[in-house]
Amino acid sequence: MSEPQIVAAALARAAGRHFGGAATIENLGQESGGASRQTWSFDARVNGEPHGLILRRDPPLHGRPGGERSSSLDRATEFRVIAAAWKAGVRAPEVLFEMQPEDGLGEAYVMRRVGGTAIARKLLRDPPYAAARGRVTGQLGEILARIHATDLATLPPLVTRQAADQIANLRHSLDQLGSPQPVLELALSWLDRRKPPPIDRPLLVHGDYRTGNYLVDETGVTAILDWEGAHLGDPVEDLGWLCVKSWRFGAVDKPAGGFGSRAELWAAYERAGGARVDPARAHWWEVLGTARWGIICHTQAWRHLSGAVKSMELASIGRRAVETEVDLLQLLKEGA
């Protein structure tokens, strides 16, 4: 059997268990994108009723990627984090059920399909999203405040990462590369000297809150995706990561994901109940996010060049490393 046939048969069994009836799988297709996880879209028809669904799974024979990305959640924990966020009113997909070992798909779960696109070039340029572009910044701030307000008692056990932990993780990843990276070393030294004190009460942090990881339709943001980096920590981390220059996709004059200003983002976040944003702290986390992305770019390139994983996607990500180094030098100058 081909992989799509294997996936369809497993989903028919699992959907039948969940919805209580024989299930037929239709319109099954693997979504593009994602260097370390698979996303499949499909319809499950049970007792004549169609259900638009998404399968999130680890690829077959998947080994955790090396370096910074190795801290990603397993699918079972990710499932529980999204469930808690959804119940807290976050615009996240509704997760429905986990796949069982006997289904033969490994760690995986199924959620309801949400309308919209995550393709940045469409969102930032195409006419159908013109009205939405004026709403996205405020919506992202509001949604982020809700994420950070998620009741910690509803979450599965998550690792806590303070600023010092993030620096240590990035240093380890950089050392693993085994080649000199002077700009990144400079950035990590700058970050270490200026790191903010640990926060007393770490909150739920999405960990990858950026353009490309949320869906938008003509009305604005419909769902936040890709929760595999969730952890407990400083909520300002998410604000800084969203403003990393690489996530503006050419709209460099609009730091908030290519849609608006930092001030607009922070104001919406605070109006929705988020704590007052300290600009200096937000700048620190933006520098750390830029360094983090630069190290990820180098790490992904190394995976391809070393022969561990032959992938044009990883190779193309690696080419972006030099962009982040230019961005870092500019940010360091601004924060001197």
Side-chain angles (χ1 to χ4, degrees), residues 33-39 54-58 62 64-65 67-96 98 107-112 114 118 140-170 173 198-199 201-215 221-244 247 257 269 272-275 285 288-289 292-293 296:
S36 59
R37 303 290 179 266
Q38 284 187 359
T39 300
I54 292 288
L55 169 71
R56 174 89 162 158
R57 72 178 293 221
D58 288 337
H62 173 72
R64 286 192 183 278
E68 197 268 346
R69 296 288 287 183
S70 63
S71 58
S72 297
L73 299 181
D74 58 70
R75 286 328 99 232
T77 304
E78 185 180 5
F79 179 93
R80 285 156 180 77
V81 169
I82 299 173
W86 186 81
K87 289 177 182 177
V90 175
R91 294 188 204 181
E94 181 186 6
V95 290
L96 298 179
E98 296 176 86
E107 290 192 351
Y109 62 84
V110 170
M111 53 190 172
R112 291 199 189 278
V114 179
L140 289 175
E142 176 187 349
I143 294 168
L144 197 52
R146 284 189 174 271
I147 291 174
H148 296 160
T150 302
D151 185 355
L152 301 185
T154 67
L155 295 169
L158 295 174
V159 66
T160 297
R161 299 194 195 108
Q162 300 273 12
D165 302 317
Q166 298 278 7
I167 295 171
N169 186 34
L170 293 179
S173 299
I199 62 171
R201 184 173 178 268
L203 302 177
L204 174 63
V205 174
H206 179 276
D208 202 3
Y209 198 79
R210 64 172 178 85
T211 300
N213 282 348
Y214 52 82
L215 295 173
V221 180
T222 59
I224 306 300
L225 309 176
D226 293 328
W227 292 75
E228 65 192 66
H231 58 277
L232 303 183
D234 187 339
V236 184
E237 177 186 339
D238 281 332
L239 291 165
W241 182 242
L242 176 62
C243 292
V244 167
W247 310 138
Y269 177 76
W285 280 108
L288 184 131
R292 172 189 169 194
W293 176 234
I296 290 174

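None of these values were measured; they are calculated from a predicted model. Note that these values count all heavy atoms, side chains included, but never hydrogens, waters or copies made by symmetry.
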Ignoring hydrogens and angles, tell me if any N or O in the side chain of Tyr209 forms a donor-acceptor pair with the backbone of Leu140 under 3.5 Å.
-> yes

Contact summary for [X] and [Y], nearest pair of heavy atoms:
{"X": "Asp208", "Y": "Asp226", "answer": "CB-O, 4.2 Å"}
{"X": "Leu215", "Y": "Ala118", "answer": "CD2-N, 3.7 Å"}
{"X": "Pro157", "Y": "Thr77", "answer": "O-CG2, 4.3 Å"}
{"X": "Thr211", "Y": "Gly257", "answer": "OG1-O, 2.8 Å"}
{"X": "Ala85", "Y": "Trp227", "answer": "CB-CH2, 3.6 Å"}
{"X": "Ala230", "Y": "Val81", "answer": "CB-CG1, 3.9 Å"}

When you look at Val95 and Trp86, which way does the side-chain contact (heavy atoms from CB on, under 4.5 Å) test go after all the steps?
-> CA-CA 8 Å; Val95 290; Trp86 186 81; over 6 Å; no

Let me confirm one number: the [atom1]-[atom2] distance from [X] to [Y], rounded to the nearest 0.5 Å.
{"X": "Gln162", "Y": "His231", "atom1": "CD", "atom2": "NE2", "result": "9.5 Å"}
{"X": "Leu288", "Y": "Ile167", "atom1": "CG", "atom2": "CD1", "result": "6.5 Å"}
{"X": "Leu170", "Y": "Arg292", "atom1": "CG", "atom2": "CZ", "result": "8.0 Å"}
{"X": "Leu232", "Y": "Thr150", "atom1": "CG", "atom2": "OG1", "result": "10.5 Å"}
{"X": "Asp238", "Y": "Ile143", "atom1": "CG", "atom2": "CD1", "result": "12.0 Å"}
{"X": "Glu228", "Y": "Glu78", "atom1": "CD", "atom2": "CD", "result": "6.0 Å"}

More than 12 heavy atoms of other residues, nucleotides or ligands under 6.0 Å from CZ of Arg146: is that the case?
-> no

Test side-chain contact (heavy atoms from CB on, under 4.5 Å) applied to Pro202 and Leu152, Thr160, Val159, Leu158, the passing residue | Thr160

For residues [X] and [Y], determine if any side-chain heavy atom of one lies less than 4.5 Å from a side-chain heavy atom of the other.
{"X": "Val236", "Y": "Tyr269", "result": "no"}
{"X": "Trp285", "Y": "Leu239", "result": "no"}
{"X": "Pro235", "Y": "Ile199", "result": "yes"}
{"X": "Arg75", "Y": "Arg56", "result": "yes"}

Got a salt bridge between Glu107 and Arg37, using NZ or NE/NH1/NH2 to carboxylate O under 4.0 Å?
-> no

In terms of ring plane angle, is the pair Trp241 and Trp247 parallel, tilted or perpendicular, where the classes change at 30° and 60°?
-> perpendicular

After noting the C-alpha distance and the side-chain angles of Glu94 and Leu96, does the key distance pass the side-chain contact (heavy atoms from CB on, under 4.5 Å) rule?
-> CA-CA 6 Å; Glu94 181 186 6; Leu96 298 179; 3.9 Å; yes

Judged by modelled atom types alone, do Asn213 and His206 share a side-chain donor-acceptor pair under 3.5 Å?
-> no

Short side-chain donor-acceptor distance under 3.5 Å, Gln166 and Arg161 = no

Before giving the answer on side-chain contact (heavy atoms from CB on, under 4.5 Å), spell out for Ile54 and Thr39 the whole-Å C-alpha distance, their side-chain angles and the decisive distance to 0.1 Å.
-> CA-CA 7 Å; Ile54 292 288; Thr39 300; 3.6 Å; yes

